[in-house]
There are 2 protein chains.
Amino acid sequence: MISKKTKYALKALLVLAQNFESQQLTLITDLALKEKLPKKFLELILLDLRNGGILVSKRGKGGGYKLAKNPEFITIGQVIRILEGTLSPLPCLSQKAYRKCEECLNEETCSVRAVMKEVRDATVRILDATSLHDMLHRINTSESLSYVI
Amino acid sequence: MISKKTKYALKALLVLAQNFESQQLTLITDLALKEKLPKKFLELILLDLRNGGILVSKRGKGGGYKLAKNPEFITIGQVIRILEGTLSPLPCLSQKAYRKCEECLNEETCSVRAVMKEVRDATVRILDATSLHDMLHRINTSESLSYVI
DNA sequence: TATTAACCCTATTGGATTAGTAGAGAATAT
DNA sequence: ATATTCTCTACTAATCCAATAGGGTTAATA
């Protein structure tokens, strides 16, 4: 399960991706209202995304947030890594946040690890290949909505 | 991330899968010792697996645990569903434990859900296709250990 | 330069979940 | 009987999650 934090982040980022062309800054308040997200909580999330290099902000009157780069170059994988720390189902599989499993005798021959590595690889393949731009587009293209068919 | 509970369960099940041919019962104590798992905690896990239909037990002297069916017919997906409740990254995608996302306006057009559905489908595809028997076999077959190459 | 708008940062909190531990109870073989 | 072994309920400490609170800092503008 991904956390609400991550889900809220993605919802807010999609709004910012829609606004990207305009070059304008968007207020936290507006993001919170538009997506029905708790404002103070969203503040923390946006701060994480900013520190993660995905957003840029401007303080003071006339301030706000916008994407740090084109929505085509921001992937869901990046976002989840910032907010969840990793995409891996086991700590011993994470690139970013590797930790040894203390009860594991031999990582090379651990078959739990081997299967979970397949899962991680499949997940990474999807999430690092899907950008905010892709997601925006996907809403309106029925062929990708397999659950509708 | 999968919980330690699930990881411990898989480790114990793999030992039981190895012992399956013998038709013999295995003691909780032996499973705990062999895989270095906390015994009392493992007791609870095995109970869950038994209630989930994956193990059968016998009490009293000469008692113990064994698999309820052939290791070929026990998948990692089943095990994770018993211990984690679901394989889905979002509650609104779970078959077994569906819950609506309260802040979500329209499930049909939610692109977060659409991407996560891809992840869930890929995960399910792997985990429901991998049995305990597969895992045991995989330890000794180098072609599946992609990280060795 | 005072005001106001907006993000920034730290701390706190209530509740849930995780990862166990404790101990008595029930079944079974000998 | 009694050893043994699983069963069941309860408890606990630590951590994480999902917020909320409130003051601090920055910047525009009148």
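Throughout, protein chains are lettered first and strands after them, A, B, ... in sequence-line order, and every chain is numbered starting at 1.
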Is it true that B:K100 and B:E107 have a side-chain N and a carboxylate O under 4.0 angstrom from each other? no
Does A:E103 come within less than 4.0 Å of B:K4, counting only side-chain N to carboxylate O? no
Check every strand shown and say whether A:L44 touches a base, only sugar-phosphate, or nothing at a heavy-atom separation below 4.0 Å. base
Which part of the nucleic acid, if any, lies within contact of B:T6, taking any heavy atom under 4.0 Å across all strands shown: a base, the sugar-phosphate backbone alone, or nothing? nothing
For A:K11, all residues meeting salt bridge (Lys or Arg N to Asp or Glu O under 4.0 Å), sequence neighbours excluded: none
Partners meeting salt bridge (Lys or Arg N to Asp or Glu O under 4.0 Å) with A:E21 (sequence neighbours left out): none
For [X] and [Y], indicate whether the former's side chain and the latter's backbone hold a donor-acceptor pair under 3.5 Å.
X      : Y      : answer
B:S3   : B:T6   : yes
B:S131 : B:D134 : yes
A:R113 : A:C92  : yes

Does C:dT17 have a Watson-Crick or wobble mate here (both distances under 3.5 Å), and if so which one? D:dA14
Across every strand shown, the nucleotide meeting Watson-Crick or G-U wobble geometry with D:dA3 (both distances under 3.5 Å) is none
Would you mind reading off the distance between [X] atom [atom1] and [N] atom [atom2], rounded to a whole angstrom?
X      : N      : atom1 : atom2 : value
B:N51  : D:dT7  : CG    : P     : 8 Å
B:D48  : C:dT17 : CG    : C1'   : 14 Å
B:Y8   : C:dT21 : OH    : C1'   : 14 Å
B:L46  : C:dG20 : CG    : C1'   : 15 Å
B:I45  : D:dT7  : CD1   : P     : 14 Å
B:E103 : D:dC17 : CD    : P     : 16 Å
B:K11  : C:dA19 : NZ    : P     : 14 Å
B:Q24  : D:dT5  : CD    : P     : 13 Å

Would you be so kind as to tabulate the donor-acceptor pairs closer than 3.5 Å made by side chains of residues 40-68 of chain B, with sequence neighbours excluded?
from, atom 1, to, atom 2, distance (Å)
B:R50, NE, B:S57, OG, 3.1
B:N51, ND2, B:L47, O, 3.3

Give me the distances for all protein-to-nucleotides 27-30 of chain C N/O pairs that come in under 3.5 Å?
from, atom 1, to, atom 2, distance (Å)
C:dA27, O4', B:R59, NE, 3.3
C:dA27, O4', B:R59, NH2, 3.4
C:dT28, O2, B:K61, N, 3.4
C:dA29, OP1, B:K58, NZ, 2.8

Among D:dC6, D:dA18, C:dC7, the nucleotide that comes nearest once only the side chain of A:I28 is considered: C:dC7
For residues 68-90 of chain B, which residue pairs pass the salt bridge (Lys or Arg N to Asp or Glu O under 4.0 Å) check, not counting sequence neighbours? B:R81-B:D128
OP1 or OP2 of C:dC8 versus the side-chain N and O atoms of A:S57: is any pair under 4.0 Å? yes
Contact list please: residues 34-43 of chain A against DNA chain D, heavy atoms, distance less than 4.0 Å, in numerical order. A:P38, A:K40, A:F41
